[in-house]
Amino acid sequence: MKLHKDYYGYYYPNQSQRAALAGLLVVLFPAFFPNLFGPLGRASPSFFSEWNAPKARHLHLLNPALLSQSSVEQQSKLWSPLPNQGWKHCLEEPKSLSLTPKGSTGYIQVFLDGGLNQQKMGVVAVAKILNATLVVPHLEVNPVWQDSSSFEEIFDLDHFIEVLRDEVSIVKDLPSEFSWSTREYYATGIRITRIKTAPVHASSDWYLENVLPILQRYGVAAISPFSHRLTFENLPKNIQRLRCKVNFKALAFVPHIRELGETLVNRLRYPPNRNQDAASDSQDGTNQIEKQGAGKFVVLHLRFDKDMAAHSACDFGGGKAEKLALAKYRQVIWQGRVLKSQFTDEELRNQGRCPLTPEEIGLLLAALGFNNSTRLYLASHKVYGGEARISTLRRLFPLMEDKKSLASAEERAKVEGKASLLAAVDYYVSMQSDIFISASPGNMHNALVSHRAYMNLKTIRPSMSLLGKLFVNKSMEWSEFQHAVLDGHKSRQGQIRLRKEKQSIYTYPAPDCMCQA
């Protein structure tokens, strides 16, 4: 490159040379600094979207929410447990109908994918239908979180086998004569003993017609994929009850997960400064209000990862950089298959199809009556946008905690970096909470709504369609917003909802898993 000399003797490139250098820099800069140009991991924001940290989008609601006060009566009603709804657990069949497993027809293997709450054990019911011996399920490495945790690293295997011993024969490993039947064996070619054509919501007859002959001939059958491969309709009552028994009784977490979960629960209920605060309390109204929530806590499951944000096609206030990063990510992952991107942000919000941001879920909680003395446990993985995205929620609820704030690195050592184990800890804490609320529907939401309904625990289900319309209205005052929220969530706090046709018993436990008292 030939440089030109200026009046003072310095050399510099001419205009065309400068343009060429700039172009070269544009090409090479992303290669040397890829983190600056999203999108990266599924749960991480691009660096540019962090530079354009989202600001509060609902200041007309946020400012009065920060000053809002509730009465002692409102707080008492908010924290009161659900009344008895006239339903009881109904897992066990009468002894005359419960059949002890007879001679096995062969061994059933399954390879389960998805996160913690997608690994439902419907396969136990399939083993019962086929009178087969179940091999402890193999959990695939999760492609999103890259978690290789095994079934026995998450669930108490001995408990699982013991609870189901009168229902289904379960073994930890295949006998030596079937040692060839491995995940690697089925990954390297077409195998006659692999069942990969099971339709979604297959009937019991399908398994008897298609899987039983293979079991009888070869002694083993591997079903993969298996998720949602057994119907919820037209099954014998004892099979449905068995699924309930597996989900609500047989699947217990390993001891170290329960111990860590119990540690977190105790620190939420009895924080170190609670006794000091109690000693200094006066009898004014503020302290009477705080006493209603003393020793109690609410769990917020905040699912706001990059996958969800991108797939929703909604605008979350991060500016043009965030919009471009999410659009690029959406194209790379789903390659134009996200039909929602055809709608405007306002249209999506009016339809209730946008996930609630941390700010919006905070405003919902404040409108329901939670305040800055509420102990809030945040159950989540990584929040898209990082701490900047959570800052408004933290302003509303300064006593917000999570695993890292409540437990030391040493206490978390056995679960750190393992998404399924971390989710299991959150699940345990969620089941012990006085109130649970999830920011958006999903597998964790469905599992906990179901389990807490089964246990008759207060669980708030946000009305996405209502909230979408409320947040679009920028002229609404706080009192009007609060009234609409309270009125719209009266019947969304854990009331039993009966399962309808084609719905899952893992979301709606009544009437299959419960009987009217």
Side-chain angles (χ1 to χ4, degrees), residues 56 58 61-62 65-70 74-81 260-274 277 286 289-304 355-383 385-407 422-423 425-440 444-445 448-449 452 457-462 467 482 485-486 489 492-494:
H58 307 288
L61 297 175
L62 176 61
L66 290 166
L67 301 173
S68 179
Q69 298 286 337
S70 56
Q74 288 172 320
Q75 283 292 299
S76 176
K77 185 177 180 181
L78 177 66
W79 289 105
S80 62
L260 177 56
E262 199 57 40
T263 296
L264 301 182
V265 169
N266 286 332
R267 290 173 186 172
L268 284 163
R269 292 203 186 282
Y270 314 108
N273 60 348
R274 173 63 66 188
D277 292 345
T286 301
I289 290 172
E290 289 183 6
K291 285 178 181 178
Q292 297 300 320
K296 300 173 183 176
F297 69 97
V298 57
V299 168
L300 166 60
H301 178 242
L302 181 58
R303 188 188 169 197
F304 197 76
L356 297 176
T357 65
E359 175 191 3
E360 289 166 345
I361 196 72
L363 291 169
L364 167 62
L365 288 168
L368 289 169
F370 298 100
N371 56 38
N372 60 7
S373 66
T374 299
R375 296 196 64 79
L376 180 68
Y377 178 84
L378 189 62
S380 68
H381 188 62
K382 291 183 180 178
V383 174
E387 183 59 33
R389 184 83 67 182
I390 303 176
S391 59
T392 302
L393 176 64
R394 198 178 295 280
R395 282 182 66 192
L396 286 163
F397 300 99
L399 300 183
M400 185 168 69
E401 307 278 9
D402 60 17
K403 290 179 287 292
K404 289 187 176 180
S405 67
L406 288 169
L422 292 168
V425 173
D426 282 340
Y427 192 103
Y428 183 92
V429 175
S430 298
M431 283 303 300
Q432 304 303 313
S433 66
D434 298 276
I435 302 173
F436 173 81
I437 184 169
S438 180
S440 300
M444 184 81 155
H445 165 95
L448 280 161
V449 166
R452 288 178 64 88
L457 300 172
K458 184 172 283 190
T459 306
I460 298 171
R461 296 181 298 110
L467 293 167
Q482 187 173 34
V485 165
L486 288 169
H489 289 82
R492 304 179 67 88
Q493 300 194 22

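Below, all heavy atoms of this structure are taken into account, side chains as well, without hydrogens, waters or symmetry copies.
Summarising the geometry, atom CZ belonging to F436 is positioned 6.5 Å from atom CE belonging to M444; distances are rounded to the nearest 0.5 Å. The structure places OG of S80 at 8.5 Å from CD of Q493, a figure rounded to the nearest 0.5 Å. Atom NZ of residue K458 and atom CH2 of residue W79 lie 9.0 Å apart, to the nearest 0.5 angstrom. Here the straight-line distance linking atom OG of S430 with atom NE2 of H445 works out to 12.5 Å at 0.5 Å rounding. Of the inter-residue distances, the one linking R389 atom CZ with K382 atom NZ reads 15.5 Å to the nearest 0.5 angstrom. Atom-to-atom distance recorded for E262:CD and Q432:CD is 6.0 Å, nearest 0.5 angstrom.
In this structure, a donor-acceptor pair under 3.5 Å is present between the side chains of E360 and H58.
Using a cutoff of 4.0 Å between basic side-chain nitrogens and carboxylate oxygens, D434 and R269 are scored as salt-bridged.
Within 6.0 Å of CZ in R492 there are more than 12 heavy atoms belonging to other residues, nucleotides or ligands.
With a 4.5 Å cut-off on side-chain heavy atoms, L66 and L396 count as touching. Between L62 and T392 there is a side-chain heavy-atom pair separated by less than 4.5 Å. You'll find the side chain of I435 stays beyond 4.5 Å of the side chain of K296, heavy atoms only. No side-chain heavy atom of V449 sits under 4.5 Å from any side-chain heavy atom of S438.
A side-chain donor-acceptor contact under 3.5 Å links R375 to the backbone of L268. A donor-acceptor pair under 3.5 Å is absent between the side-chain atoms of S405 and the main chain of E401, judged by distance alone.
Applying side chain to side chain contact (heavy atoms under 4.5 Å, CB included) to I437 and the options L302, I361, V299 leaves one that passes, I361. Screening F397, F297, F370 for a side chain to side chain contact (heavy atoms under 4.5 Å, CB included) involving L376 leaves a single residue, F397. Of the candidates L260, V429, V425, V425 is the only one forming a side chain to side chain contact (heavy atoms under 4.5 Å, CB included) with K403. Of the residues T357, L393, I390, the one that meets the side chain to side chain contact (heavy atoms under 4.5 Å, CB included) test with V383 is I390.
Closest approach of L399 and T374 over heavy atoms only: CB-O, 3.5 Å. Counting all heavy atoms, side chain and backbone alike, A65 lies closest to L363 at CB-CD2, 3.9 Å. Nearest heavy atom pair, residue D426 against residue S380, reads OD2-N, 3.6 Å. Closest non-hydrogen pair, H489 versus P462, comes out as NE2-CA, 3.5 Å.
Not counting sequence neighbours, Y377 has no partner by the ring pair (Phe, Tyr, Trp, His ring centres under 6.0 Å) test.
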Walk me through whether L78 and Q74 qualify under side chain to side chain contact (heavy atoms under 4.5 Å, CB included). CA-CA 6 Å; L78 177 66; Q74 288 172 320; over 6 Å; no

Could you walk me through whether S433 and R452 satisfy the side chain to side chain donor-acceptor pair (under 3.5 Å) test, starting with their C-alpha distance in whole Å, then the side-chain angles of each, then the deciding distance to 0.1 Å, before giving a yes or no? CA-CA 10 Å; S433 66; R452 288 178 64 88; 3.2 Å; yes

